[in-house]
Visitor: 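Have a look at this one.
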Number of protein chains: 2
Amino acid sequence: MSKRVTAKEIAEELGISMMTVSRALNNRPNVKEETRKKVIETAARMGYSPNHVARSLVKQKTETLGVVVPKITHSFFPEVIRGIEEISYSSGYHLILTHSAEDFEQEKDALQTLESKRVDGILISTAQTVEDYDIYERLAKLGVPMVFFDRCVFNIGVSCVTVDDERGARRMTRHLIEHGYQRIAHISGPSRVSIGRYRLSGYRKELEEHGLPYDESLVVEAGFQEEDGYEAMKRLLALPDTRRPDAVFAVNDASAFGAIKAIKEANFRIPDDIAIGGFTDDIRAELLEVPLTTIRQPAYEIGKKAAQQVIELIEGKSNTVNEIIVQTELVIRRSCGCDVESQSPLLSESSAVGAK
Amino acid sequence: MSKRVTAKEIAEELGISMMTVSRALNNRPNVKEETRKKVIETAARMGYSPNHVARSLVKQKTETLGVVVPKITHSFFPEVIRGIEEISYSSGYHLILTHSAEDFEQEKDALQTLESKRVDGILISTAQTVEDYDIYERLAKLGVPMVFFDRCVFNIGVSCVTVDDERGARRMTRHLIEHGYQRIAHISGPSRVSIGRYRLSGYRKELEEHGLPYDESLVVEAGFQEEDGYEAMKRLLALPDTRRPDAVFAVNDASAFGAIKAIKEANFRIPDDIAIGGFTDDIRAELLEVPLTTIRQPAYEIGKKAAQQVIELIEGKSNTVNEIIVQTELVIRRSCGCDVESQSPLLSESSAVGAK
DNA sequence: TTGTACGCGTTATCAA
DNA sequence: TTGATAACGCGTACAA
């Protein structure tokens with residue numbers, strides 16, 4: 001550890017008290033302008049850097065937010081983080097980023113460290129292996145400002161920012177039904193995770209509304225990763241010809257990517273033999289050989305809203321438990337076999353940076 | 001701020017001293033096993049969470065690394081962060097993630113906060129508008145363990161983990177030359193940034209080695225973003241027919257994406273009219289309508305190595321200034337007009353999660 | 001094996 | 001307008 005200049009040393013240098021230095025440096029009233037100037041100048045000359053650790057200890061505030069993501073993937077979470085970062089930066093908070101790698105034990109670990117580091121608030125999207133809610137409840141009861149995003153836990157008094165998963169799933173399912181598909185399969189997410197449950201329930205409700213049977217053999221519970229979708233699709237493809245799905249709704253785009261891989265390996269064509277729809281609108285979705293029809297989740301927005309929520313909690317501007325629902329959008333591409341005039345998928349305005 | 005249980009309170013509860021509590025909780029020797037058990041049990045019961053802030057203050061160590069990235073984009077930096085996270089997690093460090101949004105002022109800001117927060121080490125990739133190196137030098141002189149990754153500043157006594165940019169650029173340029181292209185343009189990065197300079201110099205040296213003229217009108221300095229590549233390409237396309245390039249080497253994939261967009265808008269074909277090569281191997285590169293030939297930078301590796309470097313510095317296992325060069329790889333796809341049997345680009349094993 | 005006194009670097013409080 | 005003193009919660013050093 002390098003030797004650091006302290007406020008005390010500045011005080012000694014100038015023959016004044018520590019408190020005056022502190023006041024001057026923090027732009028507090030009751031300091032003679034002349035003194036303030038001298039202090040600031042001396043501090044700069046001596047290379048003073050205020051010790052935030054000491055400050056946090058006495059102020060009981062770290063100006064830091066803890067973020068827990070299940071995965072630092074390529075598309076959704078980085079975008080969410082960007083949203084979080086933008087809001088928190090402008091409010092003077094910094095981010096401790098942790099990731100659970102979809103593992104509940106690591107997540108608990110991360111949460112405990114964040115607690116020990118006394119972050120002012122926590123933003124979290126649960127791991128897919130979440131087992132119980134004790135730790136969230138404990139933190140919530142302790143009064144640690146906390147907000148879930150994307151993957152939430154409800155009814156434990158914690159706010160949440162997410163999309164209307166059930167509605168999005170219904171929208172996708174309806175879209176497939178309206179295009180004449182009869183045997184629509186669903187590669188679902190883990191039922192432990194909110195978005196897994198809600199998307200499944202949306203799928204199911206929409207089938208019912210259209211008088212289609214809910215066929216359990218067409219629903220495979222899997223994880224959120226590409227390989228999970230791949231394995232699940234293989235199981236669906238192993239069904240006898242007459243029972244094989246003519247369309248598949250995957251819980252998210254990653255899962256859909258895996259499913260597509262399995263479908264191609266089995267020499268079926270998309271969408272002719274099997275249509276497919278995803279959820280997320282990953283940046284890769286529109287670039288696939290057969291661009292993927294999907295439900296767009298505004299990741300950046302979700303991040304911003306979630307950050308706004310915790311900050312409001314922290315600063316006491318609000319203490320209600322909110323469920324913020326961000327709207328999704330059905331993005332129709334070729335994988336569902338619909339007649340959209342498919343423009344060249346290369347870098348549409350909507351994705352990435354729209355060069356104008 | 002919620003009321004927190006302190007070590008002192010545990011001590012009072014048990015009628016022992018704070019120190020015994022501290023020793024018991026930190027698995028230090030010289031505590032009767034029975035006492036230790038009681039302490040641990042009581043701590044759990046009372047919901048004790050050690051205050052890391054206080055601990056950091058006395059130990060002069062925060063167990064935290066500061067990370068500064070210019071952008072939280074979709075591909076390269078998230079992968080680097082994943083690598084950093086993996087190593088630091090296993091060594092007990094947590095990450096404060098800041099981003100400069102490619103803006104030098106924000107970067108300085110971030111660096112100052114990280115300094116104030118007394119992070120144990122800093123990992124940084126410079127913003128494209130970097131102006132001077134004062135702050136890096138100051139931090140380095142102060143003895144703050146610091147490592148650059150990807151975009152480095154050399155000769156100021158700070159370690160760096162990057163790829164051999166010049167060599168990668170030469171490799172790409174040579175590849176284009178060997179395929180008969182004569183007028184190879186370069187959309188370069190900002191000359192202020194190391195990778196901008198080295199890639200340009202690689203391009204230039206390779207041309208020279210092959211006896212090709214270095215034509216200034218074929219070199220356009222731009223930024224690292226998609227729109228920069230787009231604008232730069234438009235300028236190249238505005239050249240008279242005979243002076244127009246037949247191939248373009250873009251400083252990175254994002255820039256190449258923008259260039260491709262401009263080329264298509266001008267109704268030229270890739271690679272027939274104009275071939276193109278990038279640098280990075282963004283996850284989208286292989287998914288383009290005409291998959292992009294590029295130089296692969298092992299982002300995850302870079303992150304891991306960079307994290308290992310700072311941690312070694314922090315723990316005093318090393319105090320030498322290292323320049324770690326990670327190898328790149330030429331990835332040949334269709335955009336350069338070469339005869340590769342182009343397999344379906346959809347989610348090859350190499351990208352994302354290879355479902356097996 | 002356990003306890004006491006002090007210090008880490010800052011801010012809050014109250015007195016001057 | 002300034003300063004002295006006491007926290008903040010923990011670990012170190014030494015004594016018991």
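Keep in mind it's a predicted model, so treat the numbers as computed, not measured. Letters A, B, ... are given to chains in the order of the sequence lines, protein chains preceding strands, and every chain is numbered from 1.
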Visitor: Please state how far atom CG in A:L14 lies from atom P in D:dT2, giving the value in whole angstrom units.
Guide: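 Taking CG of A:L14 and P of D:dT2, I get 12 Å after rounding.
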
Visitor: If the condition is side chain to side chain contact (heavy atoms under 4.5 Å, CB included), which residues does A:S56 pass it with, not counting sequence neighbours?
Guide: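 Counting only residues at least two positions away or on another chain, A:S56 forms a side chain to side chain contact (heavy atoms under 4.5 Å, CB included) with A:H52, A:T62, B:V53.
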
Visitor: Is any side-chain N or O of B:Q60 closer than 4.0 Å to OP1 or OP2 of C:dG7?
Guide: no

Visitor: Calculate the interatomic distance between B:K61 atom NZ and D:dG9 atom C1'; express it in whole Å.
Guide: 19 Å

Visitor: For the residue pair B:H99 and B:P70, establish whether any side-chain heavy-atom pair is separated by less than 4.5 Å.
Guide: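 They are not in contact (no side-chain heavy atoms under 4.5 Å apart), so the answer is no.
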
Visitor: Could you state the CD1-P distance from B:I10 to D:dG9, rounded to the nearest angstrom?
Guide: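 Distance check: B:I10 CD1 to D:dG9 P gives 13 Å.
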
Visitor: Between the protein and nucleotides 10-14 of chain C, are there any N/O to N/O pairs under 3.5 Å, and if so, what are the atom names and distances?
Guide:
from: C:dT10; atom 1: OP1; to: A:Y48; atom 2: OH; distance (Å): 2.6
from: C:dT10; atom 1: OP1; to: A:N51; atom 2: N; distance (Å): 3.1
from: C:dT10; atom 1: OP2; to: A:A7; atom 2: N; distance (Å): 2.7
from: C:dT11; atom 1: OP1; to: A:N26; atom 2: ND2; distance (Å): 3.1
from: C:dT11; atom 1: OP1; to: A:R55; atom 2: NE; distance (Å): 3.4
from: C:dT11; atom 1: OP2; to: A:S22; atom 2: OG; distance (Å): 2.5
from: C:dA12; atom 1: OP2; to: A:R28; atom 2: NH1; distance (Å): 3.4
from: C:dA12; atom 1: OP2; to: A:R28; atom 2: NH2; distance (Å): 2.9

Visitor: Test side chain to side chain contact (heavy atoms under 4.5 Å, CB included) on B:V310 and B:M146 and set out the steps.
Guide: CA-CA 6 Å; B:V310 242; B:M146 185 158 60; 5.7 Å; no

Visitor: Can you list the steps and then say if B:E323 with B:F154 is a side chain to side chain contact (heavy atoms under 4.5 Å, CB included)?
Guide: CA-CA 9 Å; B:E323 259 182 50; B:F154 297 99; 3.4 Å; yes

Visitor: For B:I16 and C:dG3, give me the distance from atom CD1 to atom C1', rounded to whole Å.
Guide: 11 Å

Visitor: Per the side chain to side chain contact (heavy atoms under 4.5 Å, CB included) rule, which among A:T162, A:V69, A:V326 passes with A:F149?
Guide: A:V69

Visitor: Could you state the atom-to-atom distance from NZ of A:K38 to C1' of D:dT1 in whole Å?
Guide: 13 Å

Visitor: Pick base, sugar-phosphate or nothing for A:S56, based on heavy-atom distances below 4.0 Å to the nucleic acid.
Guide: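 The answer is nothing, as A:S56 stays clear of every strand by at least 4.0 Å.
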
Visitor: Provide, to the nearest angstrom, the distance between the NZ atom belonging to A:K117 and the P atom belonging to D:dC8.
Guide: 23 Å

Visitor: May I ask you to evaluate whether A:T20 reaches the phosphate of D:dT2, defined as a side-chain N or O under 4.0 Å from OP1 or OP2?
Guide: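 It does not, given that no N or O in the side chain of A:T20 lies less than 4.0 Å from OP1 or OP2 of D:dT2.
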
Visitor: Does the side chain of A:I96 reach to within under 4.5 Å of the side chain of A:V67, using non-hydrogen atoms?
Guide: no

Visitor: To check you understand the geometry: which heavy-atom pair defines the closest contact between B:T320 and B:L313, and what is its length?
Guide: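 Looking at all heavy atoms of both residues, the closest pair is O-CD2, 4.3 Å.
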
Visitor: If each of B:L57 and B:K32 is mapped to the nucleotide of DNA chain C with the nearest heavy atom, which maps nearer the 5' terminus, i.e. the 5' end?
Guide: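 The residue whose closest nucleotide sits nearer the 5' end is B:K32.
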
Visitor: Under 4.0 Å between a side-chain nitrogen and a carboxylate oxygen: does that hold for A:E34 and A:K37?
Guide: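 A salt bridge is absent here (no side-chain N lies under 4.0 Å from a carboxylate O).
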
Visitor: Bend across the helix from C:dT1-D:dA16 to C:dA16-D:dT1, to 10°, with axes taken over 5 pairs at each end?
Guide: 40°

Visitor: Please report, rounded to the nearest Å, how far the P atom of D:dG11 is from the CG atom of B:N30.
Guide: 16 Å

Visitor: Go through B:Y136 and B:F148 one step at a time and tell me if the ring-ring contact (aromatic ring centres under 6.0 Å, His included) criterion holds.
Guide: CA-CA 10 Å; B:Y136 313 127; B:F148 286 106; 5.3 Å; yes

